[in-house]
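Notes follow the structure.
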Amino acid sequence: MLIDLRSDTLTRPTPGMKDAMFAAPVGDDVFGEDPTVNALEEKIAKLFGMEAAIFCPSGTMTNQIAIRLHTQIQTEVICHKYSHIYLYEGGGIMANSLASVKLLDGNLGKITAVQVAESINPDDVHAPETTLVSLENTMNKGGGSIYTLAEVKPIRDLCQEKGIKLHLDGARLFNALVETGESPADWGEHFDTISICLSKGLGCPVGSALVGSKSDIKRARKVRKAFGGGMRQAGFLAAAGIYALDHQVERLKEDHTRARALGEILRKLPVVSEIFPVATNIVIARLDGITPEEFMKKLSDKNIKSVKFGKDLVRFVTHLDFGDEHLEEFEKRIKNGWL
Ligand SMILES: *Cc1c(COP(=O)(O)O)cnc(C)c1O
């Protein structure tokens with residue numbers, strides 16, 4: 001049995017999701033005529049208490065569209081130095097929006113209002129104008145760490161006072177919400193735009209959505225077209241999103257329970273010096289006396305897959321296709337004579 005913990009994007013559609021996909025009424029979404037895409041966009045907008053939403057092929061596209069909406073040439077985005085928008089989107093901030101970035105440091109991938117306040121550029125000919133702050137929840141490189149609304153509120157207030165836009169990369173926002181009990185609408189109130197991924201823990205084969213004001217999402221449709229993201233009978237994919245939101249949100253808690261158990265199993269290994277606090281479905285182990293490559297090779301010899309996440313870090317992500325039987329197997333394989 002392969003135990004694949006490289007990412008929560010590796011899941012395959014469940015039978016119920018496949019049925020929903022094949023049954024979807026579809027039309028040409030570039031003409032705005034796909035009823036299932038329209039239904040998904042309305043559903044997500046309503047869920048977040050925001051005016052409109054747009055369905056896109058990837059979370060990179062929804063983030064990059066948001067950055068395009070909130071910046072111009074010679075302006076600047078403030079974000080954590082480990083942000084997905086900076087590290088993992090192919091240099092898109094520069095390539096798509098010709099904007100500059102200011103990277104902040106902070107515990108478990110999170111930044112504070114005090115840091116943001118210190119980093120906003122003065123109105124000065126030398127400096128790119130700060131127009132956007134972007135947060136990530138949960139924070140991938142922070143080990144799936146969670147921002148609470150109490151932490152976001154002072155950042156929101158500061159941005160409003162300074163006329164700066166606030167975007168959320170909420171690729172795994174639902175992982176945070178099932179833990180905190182906060183609602184999507186609570187979050188919608190605090191941001192100009194929010195990106196969510198349907199293709200991570202929620203288990204869809206493809207898809208992300210950007211939520212925001214009517215005027216922002218109208219402009220987003222034009223940016224999406226220019227990025228090559230206008231899809232035709234995309235309702236087959238949107239149906240998976242509707243199904244996921246109806247059936248596969250609450251179960252994220254199970255992924256978190258298994259991630260905590262996984263962390264405890266790994267913690268006992270002599271070569272593991274630290275496990276980042278396991279807040280959601282991501283487990284990051286710091287290694288001592290072994291390289292990530294050597295460690296991952298030992299695991300892969302036992303048919304367990306993980307990814308390198310830094311010079312001495314390895315990441316494991318739990319998901320829909322990692323059940324209790326996989327967790328038991330994982331423990332057995334690790335215990336049976338390994339290190
Ligand atoms: C996965 C992810 C994205 C989007 O990735 P795509 O693969 O382009 O869908 C954005 N932000 C974070 C934090 C992610 O983990």
Side-chain angles (χ1 to χ4, degrees), residues 4-13 40 44 53-68 77 79-93 95-97 101 103 106 108-111 132-147 152 166-177 187 191 193-211 220 223-224 227-229 231 234 237-238 240-241 244 252 255-256 259 276 279-284 306-310 313 315-320:
D4 201 337
L5 294 161
R6 287 173 299 166
S7 175
D8 46 6
T9 55
L10 292 156
T11 55
R12 291 176 183 89
L40 174 68
I44 293 179
I54 180 171
F55 181 56
C56 289
S58 73
T60 298
M61 189 179 284
T62 44
N63 279 332
Q64 291 299 320
I65 290 173
I67 292 164
R68 172 69 76 83
V77 183
C79 63
H80 192 280
K81 67 176 184 180
Y82 291 153
S83 299
H84 193 281
I85 59 163
Y86 174 69
L87 286 182
Y88 299 127
E89 298 188 3
I93 299 173
N96 297 319
S97 296
V101 195
L103 301 172
L108 296 175
K110 300 197 293 179
I111 58 177
L132 174 63
V133 173
S134 182
L135 305 180
E136 186 176 312
N137 193 21
T138 66
M139 219 298 170
N140 180 25
K141 287 283 266 188
S145 55
I146 295 175
Y147 271 106
V152 169
L166 186 60
H167 171 68
L168 179 69
D169 176 356
R172 296 190 181 84
L173 179 60
F174 286 100
N175 291 86
L177 299 185
W187 279 73
F191 290 85
T193 45
I194 296 178
S195 159
I196 58 156
C197 282
L198 299 161
S199 59
K200 296 257 162 95
L202 296 181
C204 295
V206 177
S208 283
L210 184 70
V211 233
V223 179
R224 182 184 68 176
F227 284 179
M231 298 183 287
L237 302 174
L252 290 171
D255 294 343
H256 302 173
F276 284 33
T280 51
N281 68 330
I282 296 176
V283 182
I284 298 180
S306 53
V307 292
K308 180 174 172 175
F309 223 46
L313 301 175
R315 186 189 76 168
F316 302 82
V317 190
T318 58
H319 51 71
L320 189 56

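Counting starts at 1 for both ligands and their atoms, in listed order.
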In ligand 1, which numbered atoms sit nearer than 4.0 Å to a non-hydrogen atom of Glu136?
13 (C)
N/O to N/O below 3.5 Å, does that happen between Cys197 and ligand 1?
no
At under 4.0 Å between heavy atoms, which part of Ser58 makes contact with ligand 1: side chain, backbone, both or neither?
both
Looking at atom 11 (N) of ligand 1, what's its closest protein heavy atom, distance included?
Asp169 OD2, 2.6 Å
Please examine the side chains of Arg172 and Asp8, heavy atoms only from C-beta on, and report whether any two atoms are closer than 4.5 Å.
yes
Pairs meeting criterion side chain to side chain donor-acceptor pair (under 3.5 Å) with involvement of residues 57-67, two or more places apart:
Thr62-Ser195, Asn63-Glu89, Asn63-His167, Asn63-Asp169, Gln64-Glu89, Gln64-Asn96
If you count the atoms of ligand 1 from 1 in the order shown, which ones are under 4.0 Å from a heavy atom of Asn63?
10 (C), 11 (N)
Which of the numbered atoms in ligand 1 are below 4.0 angstrom from a heavy atom of Arg172?
15 (O)
Taking the six-membered ring of Tyr86, is NZ or CZ of Lys81 closer than 6.0 Å to its centre and within 45° of its axis?
no
Is there a side-chain contact between Phe316 and Val307 (heavy atoms, below 4.5 Å)?
no
Return the orientation label for the His80 and Tyr82 ring planes: parallel under 30°, perpendicular over 60°, tilted otherwise.
tilted
Flag, side chain of Ser199 to backbone of Val206, donor-acceptor distance under 3.5 Å
no
Looking only at protein heavy atoms, what sits closest to atom 14 (C) of ligand 1 is Lys200 NZ, 2.8 Å
Between Met61 and ligand 1, which residue portion shows a heavy-atom distance shorter than 4.0 Å: side chain, backbone, both, or neither?
neither
Protein residue, atom and distance nearest to atom 7 (O) of ligand 1, heavy-atom basis:
Thr60 OG1, 4.5 Å
Any nitrogen or oxygen of Thr138 lying under 3.5 Å from a nitrogen or oxygen in ligand 1? Just yes or no.
no
Asn140 and side-chain hydrogen bond (donor to acceptor under 3.5 Å, both in side chains): which partner among His84, Lys200, Arg315?
Arg315
Nearest non-hydrogen protein atom, atom 6 (P) of ligand 1
Gly59 N, 3.6 Å
Grab the two heavy atoms, one from Gly241 and one from Leu40, that are nearest each other, plus how far apart they are.
C-CD1, 3.9 Å
